[in-house]
Number of protein chains: 2
Amino acid sequence: MQQVADHAGVSRATASLIVRGSNLVAERTRKKVLESMKELGYVYDRVAANLRSRNSSTVGLIITEIGNPFFSELLVGVHQELDTKGYTVILGTTFESAEKQDQLLSKMLEYRVGGVIMSPVSGSSPAVIDRLKQWDIPVVLVTKEPANSNSDYVGIDNVLGGKLAVDYLIEKGHRRIAFLGGPSESSARMDRQRGYIRALQQAGLPFDDSLVVTSAATRQGGREALQQVLNQPNPPTAVFCYNDVVAFGVMLGLKEAGLMPGRDLAVVGYDNIEEAAMTSPALTTVMASPILVGTNAANLLHKRIMGNEDHVQRIILKPELVIRESCSM
Amino acid sequence: MQQVADHAGVSRATASLIVRGSNLVAERTRKKVLESMKELGYVYDRVAANLRSRNSSTVGLIITEIGNPFFSELLVGVHQELDTKGYTVILGTTFESAEKQDQLLSKMLEYRVGGVIMSPVSGSSPAVIDRLKQWDIPVVLVTKEPANSNSDYVGIDNVLGGKLAVDYLIEKGHRRIAFLGGPSESSARMDRQRGYIRALQQAGLPFDDSLVVTSAATRQGGREALQQVLNQPNPPTAVFCYNDVVAFGVMLGLKEAGLMPGRDLAVVGYDNIEEAAMTSPALTTVMASPILVGTNAANLLHKRIMGNEDHVQRIILKPELVIRESCSM
DNA sequence: CGCCTGATTTAGATCGATCTAATCTTTGTT
DNA sequence: AACAAAGATTAGATCGATCTAAATCAGGCG
């Protein structure tokens with residue numbers, strides 16, 4: 001920058017004003033300096049700039065699992081939205097490990113990010129988040145939140161989602177409905193289960209806890225959960241799955257057992273990831289619009305960083321049931 | 001850091017040595033300073049550190065499309081590998097726009113990344129990459145490369161992949177085989193087409209260019225390409241698709257037209273993304289192991305950054321055919 | 001005890017920008 | 001013509017670390 005300034009016959013300070021697009025500077029000088037920059041092939045050092053000005057233009061995104069399309073779609077939403085606002089995203093994945101999550105948060109601190117969007121590891125305490133807040137780094141939680149965390153939150157009405165799914169199954173005539181998959185400590189899972197129970201109660205159906213199985217939120221988890229429930233003396237006629245990925249595992253497991261999803265067992269998923277429309281039978285599922293969660297979170301974080309929001313926000317998106325063929329009995 | 005140093009009764013320089021894990025410092029002092037850090041809640045400022053020491057510990061990853069599972073799996077590979085080596089990934093998506101790609105490269109420069117892994121936009125010239133090299137920033141290209149770029153490259157033997165797929169279809173008795181989808185300028189697509197043509201020639205089959213259709217590398221693109229080829233007077237009995245996502249679109253289109261993939265038209269994909277095993281019928285496809293591409297690229301970049309590689313590397317992974325049910329006629 | 005050697009520690013400059021507060025130029029007013 | 005107000009520019013300190021080269025310290029030896 002010194003070189004540019006010298007070449008254009010101005011001071012460093014003036015050159016600095018220009019790269020920042022200040023209107024304090026005369027049009028003639030601006031042109032002159034801009035030319036010098038082009039001529040010398042000057043590259044702005046955003047890192048040095050951030051160091052001095054204390055505002056970061058980078059934000060951290062911490063998710064629990066990158067393999068799950070729900071999160072990669074959420075990433076798309078966040079990324080798109082923040083990109084247009086001029087932020088740079090630095091990415092971290094916890095793989096559901098609290099230790100990794102701590103490391104990542106430390107890293108975000110060390111990089112002095114302007115804010116963080118995170119989906120906390122199931123069962124993590126609000127303390128980890130307070131660590132960021134202590135440094136005045138805004139945090140927006142997505143999809144899950146630790147009990148009584150007092151943070152901005154963007155998520156999905158999981159109780160409603162669970163209820164929608166199970167109401168539909170009941171309406172279709174099912175009376176033994178299982179709830180399969182997902183990690184037990186996850187707040188999202190607990191809410192979906194709450195919806196499940198509420199629907200049963202409302203229909204006067206008994207709650208049978210042998211029909212509720214937790215597992216990893218993966219295909220493999222879904223397969224295993226299905227085994228447990230299928231081997232019972234009185235197996236269910238329908239299953240509501242923690243998410244679409246689990247549902248895929250369940251369908252895979254059914255096929256392996258020579259059973260036909262939709263005919264021999266009704267299956268409902270959750271998330272409505274793109275692939276849900278492509279399986280056979282196409283998956284009936286609760287639409288959670290991960291991209292929308294992402295864009296909302298990004299917008300909220302942006303406002304927070306700008307200081308345009310004063311009190312804690314909670315954005316709860318309403319899910320909808322997408323009916324396809326996996327329960328057409 | 002000044003505060004920590006004062007509190008521990010040492011100088012800034014000593015404290016700095018300690019955070020960097022130097023062995024020049026006495027064990028007793030180290031302990032003392034580490035304690036002061038804990039007590040004062042000190043947070044290392046990696047940004048400031050990078051500014052002075054000129055080595056970045058962040059690397060850029062530029063991909064063309066985040067929605068495509070091929071890339072999100074590649075991202076997983078890169079991310080995992082670089083994570084363990086202590087790098088931080090900053091992410092960019094070009095959406096196949098050369099302009100966006102330029103912007104992203106500028107951004108990477110401004111952030112003084114230590115290196116870049118990128119899948120260049122189809123048809124981009126080597127000039128954009130030279131811009132980085134001029135600043136001594138190592139670049140590893142993945143999956144596609146501009147004509148005579150002289151860079152490190154990790155990719156898949158697409159000619160072989162195309163040949164494997166079409167050989168198989170020919171062996172199954174097909175004689176009219178289409179090649180559908182993908183952007184025309186993409187080097188990956190051109191190579192797969194080359195393999196397709198080679199297989200036809202070897203079997204003494206004629207090349208009919210009305211059976212080759214380009215499109216966006218998306219589901220929708222696949223659907224559209226299918227229409228074109230299906231409305232012909234003499235439609236094909238098998239299609240080889242540019243990638244799995246396109247193949248999904250094709251299968252969707254077939255179902256919409258009341259046709260059954262595998263029975264009425266054989267379908268082969270490319271990539272072997274996770275979902276390929278889950279569709280119905282399960283997709284026969286060429287396994288390209290995006291994760292492996294990612295980890296290889298990450299390793300190569302790491303070596304380059306360390307200065308452990310002297311001459312240009314090209315890593316070409318050999319694909320394999322994964323036979324499932326989508327051509328079981 | 002003084003000197004040398006190797007192990008520790010440190011002062012001060014530096015990375016590339018921004019910020020503050022002051023200075024230098026214009027322009028407008030009476 | 002004198003002076004104030006507005007407009008444009010700048011010197012020098014600063015952000016939080018690292019680097020260089022020099023200073024300090026401890027132990028061993030003649």
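Because only heavy atoms are used, hydrogens play no part in the values below, and waters and symmetry mates are left out as well, while side chains stay in. Residue numbers begin at 1 in each chain, while the letters A, B, ... track the order of the sequences.
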N/O donor to acceptor pairs below 3.5 angstrom from side-chain atoms of residues 126-137 of chain B, sequence neighbours left out:
residue, atom, partner, partner atom, Å
B:R131, NH2, B:S106, OG, 2.6
B:K133, NZ, B:N150, O, 3.1
B:K133, NZ, B:S151, OG, 2.9

Fill in: Presence of B:S11 side-chain N/O under 4.0 Å of C:dT9 phosphate oxygens OP1/OP2
no
Check: residues 298-307 of chain B side-chain donor-acceptor pairs under 3.5 Å, at least two apart:
residue, atom, partner, partner atom, Å
B:N299, OD1, B:K85, NZ, 2.9
B:N299, ND2, B:E81, OE2, 3.3
B:N299, ND2, B:T295, O, 3.4
B:H302, ND1, B:Y87, OH, 3.1
B:R304, NH1, B:D152, OD1, 2.8
B:R304, NH1, B:D152, OD2, 2.0
B:R304, NH2, B:E309, O, 3.4
B:R304, NH2, B:H311, O, 3.2

Practice prompt. Drop me the distance from B:R112's CZ to B:S56's OG, to the nearest 0.5 angstrom.
Written response: 10.0 Å
Discussion item. Please confirm whether the shortest side-chain N or O distance from B:Y111 to OP1 or OP2 of C:dG16 is below 4.0 Å.
Written reply: no
Response to the item:
With the side chain defined as heavy atoms from C-beta on, B:Y42 is closest, among C:dA17, D:dA17, D:dT9, to D:dA17
Item to complete: Ignoring the backbone of B:V10, work out which of D:dA17, C:dT10, D:dA13 is nearest its side chain.
Response: C:dT10
Practice prompt. Would you tell me if any nitrogen or oxygen in the side chain of B:R20 comes within less than 4.0 Å of OP1 or OP2 on D:dC19?
Written response: yes
Worksheet item: In whole Å, what is the span from the CD atom of A:Q2 to the P atom of C:dG16?
Response: 11 Å
Fill in: Value rounded to 0.5 Å, distance of CD in B:Q80 from CD1 in B:I291
6.5 Å
Practice prompt. Measure from CZ on B:R12 to C1' on C:dT14 and round the result to the nearest Å.
Written response: 11 Å
Fill in: N or O in side chain of A:T29 less than 4.0 angstrom from D:dT9 OP1/OP2
yes
